[in-house]
Asker: 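Structure incoming, see below.
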Amino acid sequence: MMKFILMLFMMMPLVFLNYFWLLQFMWMLMTFFFILMFSFNYMYMYISYFFGVDLISYLMIMLSFWVCSLMILASQKIYYTNFWSRFFMFVVVCLMLSLFLAFASMNLFVFYIFFEVSLIPTLMLIVGWGYQPERLQAGIYMLFYTVFASLPMMIAIFYYYKFNGSLDFNCLKLELNEMVLYLCMNMVFFIKIPLFFVHLWLPKAHVEAPVSGSMILAGVMLKLGGYGLMRMMVVFLGLGLTINYFFIGLSLVGGVMVSLICLRQSDIKSLIAYSSVAHMGLTVSGILTLNFWGMSGALMMMIAHGLCSSGLFCLANLSYERTGSRSLYMNKGMINIIPSLSLWWFLFTSSNMAAPPSLNLMGEIMLINSLLSYEFTSMVAMMLLSFFGAVYSLYLYSFSQHGKIYSGLYAFPAGNFREYLLLLLHWLPLNVLILKGELMCLWL
């Protein structure tokens, strides 16, 4: 693990020399090096100091590498306008470093530290390269929602250390049965993933963030919450069997309500952001069932959502760069102007509604199995979730691709090689990984 941390530090000179595309190439190279070290095991591997990976850490780090390299590929505009491009690269490298250290840490307190550190580069991305003046408010929302719940978590970690004597993930043997400790320890993850009622920071942050900010938020930052919950549920097995009912019900009903909110959105990015909340509601429910199907399905859904949502934000940005608006009313009839991009819209929206052969489908099937075995009446909410998932995905596709073209548009470029490569690199793993889906079920 230390060699990858050192490689990330070695990227700093490339940042200051303004080698934008070389950095992106190096990142891709590192990703493939990392793929060669695949963790086929639920046990920790490549342990150095207090860093190491098991299967879930490995998949999350690989997703972080992949999305961060695609962030650079998507941010060509920053490079060509030279809008603080060196500082932008520096922020992205720092963000990747903090995510790598958070996912690779084997100690709860070290994970907590880097979990919090990753907020700062994300805040810089939103406030520094966002589009509207409201980005300041969005940044503050994101910061305060997370910080509000993170101090109780730190106190709960210290309390747990006093009685358990260790904070290593392998040594979390002592079970806690206090409701207050459950909330203190997990609330920060519920906010991060986000759970319904504490999700309001997410649409704001997504809408105001630049394309790179939206990609990393949807692709990786939300997964920190799910990853933390998966690690911490070991401590609350006894209490979880009684209290998780409430949170599962909340996230499923919240998911249905958010799906209805999606149908009222006129802003493309806002619609995709709300659909993230609906998908993550299902993921939270799967984790909280505490069974094998739920954990494996949640892991698969997080990987799938990270690629699919990030790809949709890229598509939204391609339309925004051409029309200067994110409104669905301004971006109508695109199939007449850019038919090849319309194909990509179709592919990503179909993956978003969990159509085969996407990884979303496999994740959703596993989550539905886990929730039905946990509570039969949850079938109603899941039926509505699946149905509305298809509805808002079709609404997004049909509204943006069909209809009468906005008369204020004259001409714009159809698309270049970089943009299609960016979309292909999102779509290919999303639809090919299902062939090796069993690899995501090896984590216990």
Side-chain angles (χ1 to χ4, degrees), residues 87 91-92 94-95 97-99 101-103 108-159 179-229 232 247 250-251 254-255 257-258 261 265 267 269-270 272-278 280-281 283-284 309 313:
F87 187 50
V91 169
V92 173
C94 288
L95 180 56
L97 197 59
S98 62
L99 287 169
L101 295 171
F103 287 129
L108 180 57
F109 188 63
V110 177
F111 166 70
Y112 168 79
I113 288 168
F114 290 112
F115 175 87
E116 293 303 320
V117 166
S118 64
L119 262 181
I120 299 161
T122 318
L123 184 70
M124 284 181 174
L125 278 176
I126 293 171
V127 174
W129 289 271
Y131 300 119
Q132 275 79 27
E134 289 85 23
R135 63 182 186 268
L136 292 168
Q137 187 191 9
I140 295 297
Y141 254 61
M142 185 187 77
L143 192 68
F144 275 87
Y145 261 89
T146 313
V147 170
F148 168 75
S150 63
L151 187 65
M153 186 194 175
M154 188 171 71
I155 295 162
I157 288 171
F158 293 158
Y159 179 84
M179 171 72 180
V180 177
L181 281 170
Y182 178 93
L183 288 174
C184 286
M185 200 77 97
N186 292 320
M187 204 61 206
V188 70
F189 301 131
F190 285 144
I191 285 172
K192 199 72 173 178
I193 202 164
L195 188 72
F196 188 68
F197 282 136
V198 283
H199 70 283
L200 292 173
W201 65 272
L202 184 74
K204 265 190 176 306
H206 271 311
V207 168
E208 302 306 328
V211 60
S212 52
S214 290
M215 283 169 72
I216 199 69
L217 269 171
V220 186
M221 298 300 281
L222 303 190
K223 313 303 171 281
L224 271 169
Y227 174 83
L229 278 176
M232 289 317 299
F247 288 105
L250 178 65
S251 51
M257 289 170 77
V258 165
I261 292 170
Q265 296 302 312
D267 186 318
K269 272 185 113 172
S270 184
I272 302 165
Y274 274 110
S275 79
S276 290
V277 180
M280 286 295 110
T283 307
V284 173
S309 205
F313 279 117

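Hydrogens, waters and symmetry mates play no part in the numbers below; they use all other heavy atoms, side chains included. Given the structure is predicted, the values throughout are model-derived calculations rather than measurements.
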Asker: The criterion is side-chain hydrogen bond (donor to acceptor under 3.5 Å, both in side chains); which residues satisfy it with Thr122, sequence neighbours excluded?
Answerer: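 Thr122 satisfies side-chain hydrogen bond (donor to acceptor under 3.5 Å, both in side chains) with no residue once adjacent residues are dropped.
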
Asker: Return yes when atom CZ of Phe247 has more than 12 non-hydrogen atoms of other residues, nucleotides or ligands closer than 6.0 Å, and no otherwise.
Answerer: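 Counting neighbours around CZ of Phe247, more than 12 heavy atoms of other residues, nucleotides or ligands fall under 6.0 Å, so yes.
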
Asker: How about Phe197 and Phe190: are their ring centroids closer than 6.0 Å?
Answerer: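 For Phe197 and Phe190, the ring centres are not under 6.0 Å apart.
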
Asker: Just verifying a value: how many Å separate Ser150 OG and Ile155 CD1, rounded to the nearest 0.5 Å?
Answerer: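 Rounded to the nearest 0.5 Å, the OG-CD1 separation comes out at 10.0 Å.
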
Asker: Which atom pair, heavy atoms only, marks the closest approach of Leu119 to Lys192?
Answerer: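 Smallest heavy-atom distance, with atoms named: CD2-NZ, 3.7 Å.
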
Asker: Give the minimum heavy-atom separation between Leu95 and Ser118, together with the two atoms involved.
Answerer: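 Heavy atoms only, the tightest pair is CD1-O, 3.6 Å.
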
Asker: Has the side chain of Ser214 got a donor or acceptor atom that lies under 3.5 Å from a matching backbone atom of Val211?
Answerer: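 No, Ser214 side chain to Val211 backbone: no donor-acceptor pair under 3.5 Å.
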
Asker: Just wondering, do Val110 and Leu101 contact through their side chains at under 4.5 Å, heavy atoms?
Answerer: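 The answer is no; the side chains never approach within 4.5 Å.
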
Asker: Evaluate the criterion side-chain contact (heavy atoms from CB on, under 4.5 Å) for residue pair Thr146 and Phe115; output intermediate values, then yes/no.
Answerer: CA-CA 10 Å; Thr146 313; Phe115 175 87; 4.3 Å; yes

Asker: Give a yes or no on whether the backbone of Ile191 and the side-chain of Trp201 come within a donor-acceptor separation of less than 3.5 Å.
Answerer: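 Flag set: sc Trp201 to bb Ile191 pair under 3.5 Å.
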
Asker: How far apart are the C-alpha atoms of Met187 and Phe148, what are their side-chain angles, what is the distance that settles it, and do they pass the side-chain contact (heavy atoms from CB on, under 4.5 Å) test?
Answerer: CA-CA 9 Å; Met187 204 61 206; Phe148 168 75; 6.0 Å; no

Asker: Measure across Gly139 and Leu123 and return the closest heavy-atom pair with its distance rounded to 0.1 Å.
Answerer: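 Residues Gly139 and Leu123, closest heavy atoms: O-CD1, 3.3 Å.
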
Asker: Between Phe103 and Phe114, is the ring centroid distance below 6.0 Å?
Answerer: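 No.
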
Asker: Do Met142 and Val127 have side-chain heavy atoms sitting under 4.5 Å apart?
Answerer: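 Result no, sub-4.5 Å side-chain heavy-atom pair not found.
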
Asker: With a 4.5 Å cut-off on side-chain heavy atoms, are Leu224 and Phe111 touching?
Answerer: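 A side-chain contact under 4.5 Å exists here.
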
Asker: How long is the span from the CD1 atom in Ile261 to the NE2 atom in His199, to the nearest 0.5 Å?
Answerer: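 It is 5.5 Å, given to the nearest 0.5 Å.
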
Asker: How far apart are the closest heavy atoms of Gly225 and Ile193, and which atoms are they?
Answerer: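 Smallest heavy-atom distance, with atoms named: C-CD1, 4.2 Å.
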
Asker: Does the side-chain contact (heavy atoms from CB on, under 4.5 Å) test come out yes or no for Ile272 and Gln265, once each step is laid out?
Answerer: CA-CA 9 Å; Ile272 302 165; Gln265 296 302 312; over 6 Å; no

Asker: When rounded to the nearest 0.5 angstrom, what is the spacing between CE in Met232 and CG in Leu108?
Answerer: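 Answer for the CE-CG pair, Met232 versus Leu108, is 5.0 Å.
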
Asker: Distance to the ring centre below 6.0 angstrom and angle to the axis at most 45 degrees; does that hold for Lys269 and Tyr131?
Answerer: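 Not flagged: Lys269 not positioned over aromatic ring of Tyr131.
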
Asker: CD1/Ile120 to CG/Leu125 distance, rounded to the nearest 0.5 angstrom?
Answerer: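 Nearest 0.5 Å value for the CD1-CG distance: 12.5 Å.
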
Asker: Quick check for you: to the nearest 0.5 Å, what is the distance between Met154 atom CE and Ile113 atom CD1?
Answerer: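 It comes to 9.5 Å.
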
Asker: Heavy atoms only: give me the nearest Leu151-Tyr112 pair and the separation to one decimal.
Answerer: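 What the structure gives for the nearest pair is N-OH, 4.3 Å.
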
Asker: I need the Met185 CE to Ile157 CD1 distance, nearest 0.5 Å.
Answerer: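 The CE atom of Met185 sits 6.0 Å away from the CD1 atom of Ile157.
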
Asker: Could you tell me if the side chain of Glu208 sits less than 4.5 Å from the side chain of Leu136, heavy atoms only?
Answerer: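 Heavy-atom side-chain distance check fails, nothing below 4.5 Å.
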
Asker: Using only atom types and a distance under 3.5 Å, with no angle test, would you say the side chain of Lys223 pairs donor to acceptor with the backbone of Ala218?
Answerer: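 Here the side-chain-to-backbone pair exists.
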
Asker: Report yes if the side chains of Ser276 and Leu222 come closer than 4.5 Å at any heavy-atom pair, otherwise no.
Answerer: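 Yes, their side chains come closer than 4.5 Å.
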
Asker: Would you please test Val207 and Glu134 for side-chain contact (heavy atoms from CB on, under 4.5 Å) and show each step?
Answerer: CA-CA 9 Å; Val207 168; Glu134 289 85 23; over 6 Å; no

